[in-house]
There are 2 protein chains.
Amino acid sequence: MQAAAGMEPDLPARAIRAAGLKVTAPRLAVLEMLRGAPHSSAEDIFAGIRSALPGTSTQAVYGILSAFAAAGLVRRFDPPGSPTRFECRVGDNHHHIVCVRCRAVRDVDCVVGQAPCLQPSDDSGFVVFAAEVTFNGLCKTCQEQAAHTEV
Amino acid sequence: MQAAAGMEPDLPARAIRAAGLKVTAPRLAVLEMLRGAPHSSAEDIFAGIRSALPGTSTQAVYGILSAFAAAGLVRRFDPPGSPTRFECRVGDNHHHIVCVRCRAVRDVDCVVGQAPCLQPSDDSGFVVFAAEVTFNGLCKTCQEQAAHTEV
DNA sequence: GCGGTTGTTTTGACTAATTCAAAACAACTG
DNA sequence: CAGTTGTTTTGAATTAGTCAAAACAACCGC
């Protein structure tokens, strides 16, 4: 499993190894899939890789995603009302817009600078690591469909 | 079911009726419980009221909470990794700190003003209704316990 | 106050999402 | 190339929440 040319540093494999994890076919498939389809759920990913890797199970996917998340390779995101999603955009403090109708997710760069997102006014003794900002809204498609439905 | 004195306007019952819902014993119990114990899960609430109202079921609680949420009487909140919580503080745009260790939840008033919380820089066609800000951190108790555990 | 209508709750079953555990297996080290 | 250790498979179980139909009770109008 070498890169085809010297120009291809085989990023995914390197990233996995750099995280202290062993490089395996299912792990590569999951990471590859996630690069092409961010905000996928475990089930989505399983569906996406099962044709290339028959014999893979959802449990394997869950295990891989847990390992990736623990290693900081992927970020989890729990939209209200739908299963946990995963994405490889990590390290930047970006946020999400969720369509309340079709559950589509879109990335949003940090609202204003980053300070206000990370500094609660009264932390009541808590040590704060990170802030998750989730915007609830309606995507373009659902706006149109909703307009047709109700007046 | 009248208020004992003129001084007691029986707030919970009024709130429920004002929302266009019928006033029932389980609904009063749920609202009462939620006033005393915000950020309770459906299961928590069921456990809290079952002694006073034997014969109540989790399904009843789920139904009541859905009705309340739809009517704007309560607000839902989905902390990552734990079941949906409910609270009666509605209308004010407040946020939450979640302890990643024990899942405790604390209210936080809106970070700075409210404008930055509601205005994504690029909405890519989305209409945004609201922003949920969730701070992840460690509560005081868990900070101490974590300190004992790992140096 | 009483009865009917309509909304609520109960009862019971069911699904989706995720986790746990043990055995089979494969990647990396030396 | 063999051993060690981490990974994946297999299979089952659990948690959180939903759906539907029947029993029931609050509220409106008389």
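Residue numbers begin at 1 in each chain, while the letters A, B, ... track the order of the sequences.
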A.B. asks: Rounded to the nearest 0.5 Å, how far does CZ of A:Phe86 lie from OG of A:Ser41?
C.D. replies: 8.5 Å

A.B. asks: Judged by each residue's nearest nucleotide on DNA chain D, which is more toward the 5′ side, A:Pro26 or B:Asp78?
C.D. replies: A:Pro26

A.B. asks: Quick one: which residue pairs count as a salt bridge (Lys or Arg N to Asp or Glu O under 4.0 Å) with a foot in residues 47-68 of chain A, not counting sequence neighbours?
C.D. replies: none

A.B. asks: Any side-chain to backbone donor/acceptor pair from B:Gln145 onto B:Lys140? Under 3.5 Å, distance only.
C.D. replies: no

A.B. asks: If you look only at pairs with a residue in residues 79-89 of chain A, which of them pass as a side-chain hydrogen bond (donor to acceptor under 3.5 Å, both in side chains), with sequence neighbours excluded?
C.D. replies: A:His39-A:Glu87, A:Asp78-A:Thr84, A:Ser82-A:Arg85, A:Glu87-A:His94, A:Glu87-A:His96, A:Arg89-A:Asp92, A:Arg89-A:Asp107, A:Arg89-A:Asp109

A.B. asks: Whole Å only: how far is the CZ atom of B:Arg17 from the C1' atom of D:dA26?
C.D. replies: 9 Å

A.B. asks: Can you confirm whether B:Arg101 is buried at CZ, in the sense that more than 12 heavy atoms of other residues, nucleotides or ligands lie under 6.0 Å from that atom?
C.D. replies: yes

A.B. asks: Could you give the distance from CZ (A:Arg103) to SG (A:Cys139), rounded to the nearest 0.5 Å?
C.D. replies: 12.0 Å

A.B. asks: If you walk 5' to 3' along DNA chain C, what is the first nucleotide with an atom under 4.0 Å of a heavy atom in chain B, and what is the last?
C.D. replies: C:dT6 to C:dA13

A.B. asks: Please name all residues satisfying side chain to side chain contact (heavy atoms under 4.5 Å, CB included) with A:Arg17, sequence neighbours left out, ordered by chain then number.
C.D. replies: A:Val23

A.B. asks: Looking only at non-hydrogen atoms, find the nearest pair between A:Ile16 and A:Leu73 and report the distance.
C.D. replies: CA-CD1, 4.0 Å

A.B. asks: By side chain to side chain contact (heavy atoms under 4.5 Å, CB included), which residues pair with B:Val100, not counting sequence neighbours?
C.D. replies: A:Phe129, B:Asn136, B:Leu138

A.B. asks: Distances for protein N/O vs nucleotides 13-16 of chain D N/O pairs under 3.5 angstrom?
C.D. replies:
none

A.B. asks: Would you jot down, in residue-number order, the residues of residues 48-60 of chain A having a non-hydrogen atom under 4.0 Å from DNA chain D?
C.D. replies: A:Gly55, A:Thr56, A:Ser57, A:Gln59, A:Ala60

A.B. asks: Side-chain donor-acceptor pairs under 3.5 Å in residues 56-72 of chain B, sequence neighbours left out?
C.D. replies:
| residue | atom | partner | partner atom | Å |
| --- | --- | --- | --- | --- |
| B:Thr56 | OG1 | B:Leu53 | O | 2.6 |
| B:Ser57 | OG | B:Ala60 | N | 3.3 |
| B:Ser66 | OG | B:Tyr62 | O | 3.0 |

A.B. asks: For D:dA26, does OP1 or OP2 lie under 4.0 Å from any side-chain N or O of B:Arg27?
C.D. replies: no

A.B. asks: Looking at A:Glu132 and A:Arg75, is any side-chain nitrogen of the basic one under 4.0 Å from a carboxylate oxygen of the acidic one?
C.D. replies: yes

A.B. asks: Take the C1' atoms of the five end pairs on each side of the helix from C:dG1-D:dC30 to C:dG30-D:dC1, derive the two axes, and give their angle rounded to 10 degrees.
C.D. replies: 40°

A.B. asks: Can you see which heavy atom on A:Val133 is nearest to which on A:His95, and at what distance?
C.D. replies: O-CB, 3.2 Å

A.B. asks: Starting from B:Leu28, can I reach B:Val74 by hopping between I/L/V/M/F/W/Y residues whose side chains sit under 4.5 Å apart?
C.D. replies: yes

